[in-house]
Amino acid sequence: MNATMMISVMSTLALVPSLSAAVPAHFSDAAKARLADSIELEKPAYKLNVVYFTGNDNAPIADYERRLSELLLYLQQFYAKEMQRHGYGKRAFGLNMLPNGNVDIILIRGKKSHKEYSYGSGHGACLEEINAYFEANPDKKLSHHTFVIMPTHYDAEYGDKNPGGVPFYGLGRNCFALDYPDFDIRHLGQDTPEGRLLTKWYGGFAHELGHGLNLPHNDGPTSMNDAQGTPLMGSGNYTFGLKPTYMTPSSCSILDCSETFAVEGKAPVFYPDNAAEPVVEALDIAYDGDALNISLRCQAEFCVNAYIQDPEYTVNRDYDAIAFLMKREPADAGKQTCTVRIPLSELKRLKNVRSGEQGIDLLFGTPDGSRFRTRIVFNWDSLKPGDSIPTGKLEFWQGY
Ligand code: ZN
């Protein structure tokens, strides 16, 4: 064994204890196996607030600290590995850790009965009480983003085998998910009733958290989905853990500018009130018979995504918007040119490609998390190869 080999073996040995030490001893064997190939994250500047919220008349589900810690850490690894794969480094939403290796989950008991924090209308009262908690305990608020988990209701409709009744959606920088006794990583990927139930609720947990971290719905181009599976922010909430599920380049570009993904020492102040709309100096959307070619010029700080929408793109009917991250090239005077070629063969799952109305959304984001969206609607029936789509004056709205 020469010196180089010796150093190489020694450094491998030195790594083993620190990697295994990262998975706490009290975690389940299933979690230890799932987290064995964990990558070490860059140190986050901000962390996700994780809240377990109950009514005044119900209690957390048994062993929630361990179960949810395992699920959150596995999900953090999924996000981090996808960010790394797309070239953004080993970054994920930061989590506040306790000395025992669990995630610091803040337990808040609501003032009202649990039925008053229901799916339909319960989020307002819940968020009001969480905000009051953070006002009284400002050191516990670690970012603008809060993930709220509530235990399932137990009644004629809901229970251990059919959890529900509580809010389950993203709402701005807050998002809601639920807990039930079999919400446990040991069921992940298993073709059993518990395994299928876990994918439904853990996939939903992963997807709603994406919304709470700024992500809009988006699907991938046909060739990408064929190779990589289903995007988490498309219908990946139904596949996560059971079938290949991934983050699109668009989703990762948005997370790159999301507060809890910022790295210590490189973090701006996020979500300023005075964010300025993008100024698009030139925009061309040309149709060449096989593809749409988009080119625009705007300020250099914006990351731009193009989403191709079918005509029914109202809230929660936009899961199939196909997302394309635009390529950025610096131009003069602090400006840039962003371009993308969108072959129609990549839009196979959309309705109305080549006939009727289609929408193109352009999403603009800056490193401090400011976001703007604009929409261009056109009709294929009046579009011939060689034409450019009339874009008119762009109207922006804030957020995605
Ligand atoms: Zn969604």
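Both backbone and side-chain heavy atoms feed into the values below; hydrogens, waters and symmetry mates do not. It should be emphasised that the depicted structure is a prediction, and the values quoted were computed from it without experimental measurement.
L283 CG to R297 CZ: the interatomic distance, rounded to the nearest 0.5 Å, is 13.5 Å. Atom CD of Q84 and atom CD of Q77 lie 9.5 Å apart (nearest 0.5 Å). How far CG of N237 is from CG of L209: 12.5 Å, rounded to the nearest 0.5 Å. Of the inter-residue distances, the one linking H114 atom NE2 with F53 atom CZ reads 12.5 Å to the nearest 0.5 angstrom. Rounding to the nearest 0.5 Å gives a distance of 6.5 Å between CG of D219 and OG of S235. Note that CG of N96 and OH of Y46 are 15.0 Å apart. Values are rounded to the nearest 0.5 Å.
Put simply, L232 and M224 are part of two different groups of oily side chains (I, L, V, M, F, W, Y) that touch within less than 4.5 Å, one to the next. Hydrophobic clustering places F240 together with L35 (ILVMFWY residues linked when any side-chain heavy atoms are closer than 4.5 Å, directly or through intermediates). Both F176 and L215 are assigned to one and the same hydrophobic cluster, defined by single-linkage of ILVMFWY side chains at heavy-atom distances under 4.5 Å.
Between L242 and Q190 the shortest heavy-atom distance is CD2-O, 4.0 Å. Minimum heavy-atom separation, A30 to R186: CB-CA, 3.6 Å. Summarising the geometry of Y154 relative to G159, their closest heavy-atom pair is CD2-CA, 3.7 Å, with the distance given to 0.1 Å. Here the closest heavy-atom approach between residue P268 and residue D368 is recorded as CG-CA, 4.0 Å. Residues N218 and S251 come closest through the heavy atom pair ND2-OG, 3.0 Å.
At most 12 heavy atoms of other shown residues, nucleotides or ligands fall within 6.0 angstrom of atom NZ in K111.
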(message) For a side chain to side chain contact (heavy atoms under 4.5 Å, CB included) check, start with the C-alpha distance between R67 and I185, then their side-chain angles and the critical distance, and finish with the verdict.
(response) CA-CA 7 Å; R67 287 184 298 97; I185 205 164; over 6 Å; no
(request) With side chain to side chain contact (heavy atoms under 4.5 Å, CB included) as the test, would you mind laying out the steps for C126 and V148 before giving the verdict? (result) CA-CA 9 Å; C126 169; V148 186; 3.9 Å; yes
(request) May I have the step-by-step check of salt bridge (Lys or Arg N to Asp or Glu O under 4.0 Å) for D57 and K115, ending in yes or no? (result) CA-CA 9 Å; D57 57 348; K115 290 279 182 191; over 6 Å; no
(request) Could you give me the CA-CA distance, side-chain angles and deciding distance for Q309 and D318, then say whether side-chain hydrogen bond (donor to acceptor under 3.5 Å, both in side chains) is met? (result) CA-CA 7 Å; Q309 310 266 16; D318 58 353; 5.5 Å; no
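Within the 4.5 Å cutoff, no side-chain heavy atoms of S345 are placed close to those of T222. Residues H145 and N214 have side chains in contact (heavy-atom distance under 4.5 Å, counting atoms from C-beta outward). Side-chain contact check for V280 versus T391: every heavy-atom pair is 4.5 Å or farther apart. With a 4.5 Å cut-off on side-chain heavy atoms, V103 and M97 count as touching. Taking the side chain as every heavy atom from C-beta outward, V166 and P151 never approach each other to under 4.5 Å. Inter-residue side-chain proximity for M233 and I254 is flagged as unmet; no heavy-atom pair is nearer than 4.5 Å.
Each of K161, K200, R196 was checked for a salt bridge (Lys or Arg N to Asp or Glu O under 4.0 Å) with D182, and the lone residue meeting it is K161. Remark: of the listed residues I149, L197, L71, L71 is the sole one forming a side-chain contact (heavy atoms from CB on, under 4.5 Å) with F183. Just one of V353, L347, D361 meets the side-chain contact (heavy atoms from CB on, under 4.5 Å) condition when paired with I308; it is L347. Screening F396, F372, Y307 for a ring pair (Phe, Tyr, Trp, His ring centres under 6.0 Å) with F364, the sole residue that qualifies is F396.
Salt-bridge check for R349 with D320: failed, with every basic side-chain N at 4.0 Å or more from each acidic carboxylate O. A salt bridge links K140 to D104: one of the charged nitrogens lies within less than 4.0 Å of a carboxylate oxygen.
Defined by atom type and a distance below 3.5 Å, a donor-acceptor pair is missing between the side-chain atoms of D184 and S28.
Taking the six-membered ring for Trp and thresholds of 30 and 60 degrees, W380 and F378 have ring planes more than 60 degrees apart, a perpendicular arrangement. By the 30° and 60° cut-offs, the orientation of the rings of Y64 relative to Y52 is tilted.
Checked against a 6.0 Å centroid threshold, the rings of Y119 and Y169 count as neighbours. Ring pair Y271/H144: centre-to-centre distance below 6.0 Å. No close placement of the Y88 and F261 rings is indicated, their centers lying 6.0 Å or farther apart. Aromatic ring centroids of F93 and F147 lie 6.0 Å or more apart.
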